[in-house]
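Just below is one structure, and these are the notes that go with it.
Both backbone and side-chain heavy atoms feed into the values below; hydrogens, waters and symmetry mates do not. The structure displayed is predicted, hence computed values, not measured ones. Lettering of chains follows the sequences in order, A, B, ..., and the numbering in each one begins at 1.
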2 protein chains.
Amino acid sequence: MKLREAARRAGVSHNAPYRHFPDRDALLAALAAEGFRMLGEELDGRSGGDMGEAYVRFALAHPNRFRLMFGGQLELRKHAGLREAAGRTYEALLAAFRARRDVANPERAAAAAWSLVHGLAQLMLDGHFSEGAKRPDFVREVIGAVRFAAAQRSA
Amino acid sequence: MKLREAARRAGVSHNAPYRHFPDRDALLAALAAEGFRMLGEELDGRSGGDMGEAYVRFALAHPNRFRLMFGGQLELRKHAGLREAAGRTYEALLAAFRARRDVANPERAAAAAWSLVHGLAQLMLDGHFSEGAKRPDFVREVIGAVRFAAAQRSA
DNA sequence: GTGATATGTTGACAGTGTCTACATCTCGTC
DNA sequence: GACGAGATGTAGACACTGTCAACATATCAC
C-alpha cells in the first residue's frame with residue numbers, strides 16, 4: 001500500500017513509479033483494473049452457482065486485490081476505466097440470468113446474486129463466519145441456500 | 001482518516017488523542033465498535049426483509065462508518081471487542097432465522113441473508129448498480145428477489 | 001496544602017506522497 | 001555515424017503524517 005516501499009522492494013528509486021503513473025492513486029487504479037480483468041477471466045464460461053463459487057474463490061485467492069477493487073478508497077467514479085471494467089463483469093452476470101427462463105426478473109435476480117456472492121466473499125475475508133467457514137463446502141452451501149423468485153409467480 | 005487532521009478539527013493539539021487511545025488504530029477500532037452498536041440498535045426488533053432493509057439503510061446513512069467496520073484495514077482479529085460486537089449482530093440474525101419454521105437450514109440461510117444485504121450495501125456504496133439503484137424501492141426489490149431453501153425439501 | 005492522576009501541549013524523529021531538477025538510455029532522422 | 005527527442009531513471013526538497021518523550025496544568029482524594 002505504500003509507494004516508496006514498493007519502489008524499494010522493486011529495487012528502484014522512490015520516484016521511479018512517477019515515470020509510469022501520474023500518482024499513487026493511478027497506480028492502484030491500474031492494479032484494480034487488472035484485477036477486474038482477472039476476475040472476468042475466472043467467471044468466463046461459468047454460470048449459476050458455479051459462477052458464484054468462482055467469484056468467492058477469486059476473492060479468497062487474492063484478498064488484497066479484491067479489497068483494492070472494492071474497498072472504496074479508489075473513488076471509482078474518478079477512474080472511468082475502472083467503472084467500465086466492473087460494469088463489464090456485471091453485464092456478463094446479467095446475461096447469464098437473462099438466458100434463464102425460470103427467473104421472474106433477471107435484473108433483480110442478477111443484482112441479488114452479485115450482492116450475495118460479493119457479501120459472502122467480503123465477510124469471509126474479514127473473518128466473520130469463523131466457525132462455519134472451515135467446512136470445505138461452506139461457500140457452495142451458502143450459495144445453494146437461496147432461490148430466486150420464480151417466473152409466473154407474483155414477486 | 002487522519003489523526004492530526006481530526007485533532008486540528010476538534011481544536012486540540014495533534015497529540016491530545018494519545019491521552020485517550022494508545023494509537024490511531026485503537027481510535028478507529030473504538031469508532032467501529034460504536035458502529036456495530038449503532039447497527040445493532042437499528043436491527044433490533046426487526047426481522048426478515050425489514051431487517052435487511054435496515055442493514056442497507058444504515059450502510060448508506062453512514063458510509064464511512066460502515067467502510068471502517070468492514071473495510072478490512074482494522075485487522076479484526078486483533079481487536080477482541082470488535083469481533084465480539086460483530087458476532088453479536090450475527091447472533092441476532094441467526095436467532096431470527098431459527099425462529100422461522102419454513103427454512104431448511106437456519107445457519108446457511110442466515111449466512112446467505114447476511115451476505116446478501118452486506119454485499120448489496122457494499123456494492124451500492126461503491127457506486128455499482130448506478131442505473132437501477134435510483135429507484136426508491138431498489139433495496140426492497142433486490143432483497144425480495146431471493147427465497148431461502150424451504151424446509152422438508154432437499155437442498 | 002500536597003501528592004497523584006488525568007489531560008493537554010510542544011518539539012522532535014522517521015517515513016510518506018509529490019514536485020522540481022538533473023542524468024542517462026534508446027531510437028528515428030538527417 | 002551524429003544528433004535531438006522522448007522515455008525512463010535518480011537525488012533533493014517540501015509539507016505532511018503517526019508516534020514518542022518531556023514538560024505543563026487541572027482535578028481531586030486525603
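- The aromatic ring centres of A/Phe70 and A/Phe36 sit less than 6.0 Å apart.
- Between the base of D/dG18 and the side chain of B/Arg24 there is no donor-acceptor pair shorter than 3.5 Å.
- For B/His20 and C/dG8, the shortest distance from a side-chain N or O to OP1 or OP2 is below 4.0 Å.
- Across all non-hydrogen atoms, the minimal contact from A/Leu125 to A/Pro63 is CD2-CB, 3.5 Å.
- Rounded to an integer number of Å, the gap from A/Leu27 CG to C/dT16 C1' is 15 Å.
- The base of C/dG8 is not paired with the side chain of B/His14 by any donor and acceptor separated by under 3.5 Å.
- Here the P atom of nucleotide C/dT16 and the CG atom of B/Leu3 are 18 Å apart, to the nearest Å.
- In summary, B/Glu107 and B/Arg98 engage in a salt bridge, as defined by a charged side-chain N under 4.0 Å from a carboxylate O.
- Aromatic ring centres of A/Tyr90 and B/His128 lie farther apart than the 6.0 Å criterion allows.
- When the nearest nucleotides of DNA chain C are assigned to A/Glu5 and B/Pro17 by heavy-atom distance, the more 5′-ward of the two goes with B/Pro17.
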For a quick test of your reading: what N or O donor-acceptor pairs under 3.5 Å do the side chains of residues 17-31 of chain A make, sequence neighbours left out?
residue	atom	partner	partner atom	Å
A/Asp23	OD1	A/Ala26	N	3.1
A/Arg24	NE	A/Met1	O	3.1
A/Arg24	NH2	A/Met1	O	2.7

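- Between C/dT9, D/dT19, D/dG12, one nucleotide has an atom nearer to the side chain of A/Asn15 than all others, and that is D/dG12.
- Distances shorter than 4.0 Å separate some side-chain N or O of B/Arg8 from OP1 or OP2 on D/dT17.
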Atom pairs, N/O to N/O, protein against nucleotides 23-29 of chain D, distance under 3.5 Å?
none

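- The separation between B/Tyr18 atom OH and C/dC13 atom C1' is 13 Å, rounded to whole Å.
- Looking at residues two or more places apart in sequence or on another chain, you find a side-chain contact (heavy atoms from CB on, under 4.5 Å) between A/His14 and A/Arg4.
- In terms of hydrophobic clustering, with Ile, Leu, Val, Met, Phe, Trp and Tyr side chains grouped at heavy-atom distances under 4.5 Å, B/Val12 and B/Leu3 are assigned to different clusters.
- If you measure from atom CZ of B/Phe21 to atom P of C/dG8, you get 11 Å, rounded to the nearest angstrom.
- The side chain of B/Lys2 has D/dG18 as its nearest neighbour among D/dG18, D/dT10, C/dT18.
- Of the listed nucleotides (C/dT9, C/dG17, D/dA11), C/dT9 has the atom at the smallest distance from the side chain of B/Ser13.
- A straight line from CG of A/Asp25 to C1' of C/dT16 spans 14 Å, rounded to a whole angstrom.
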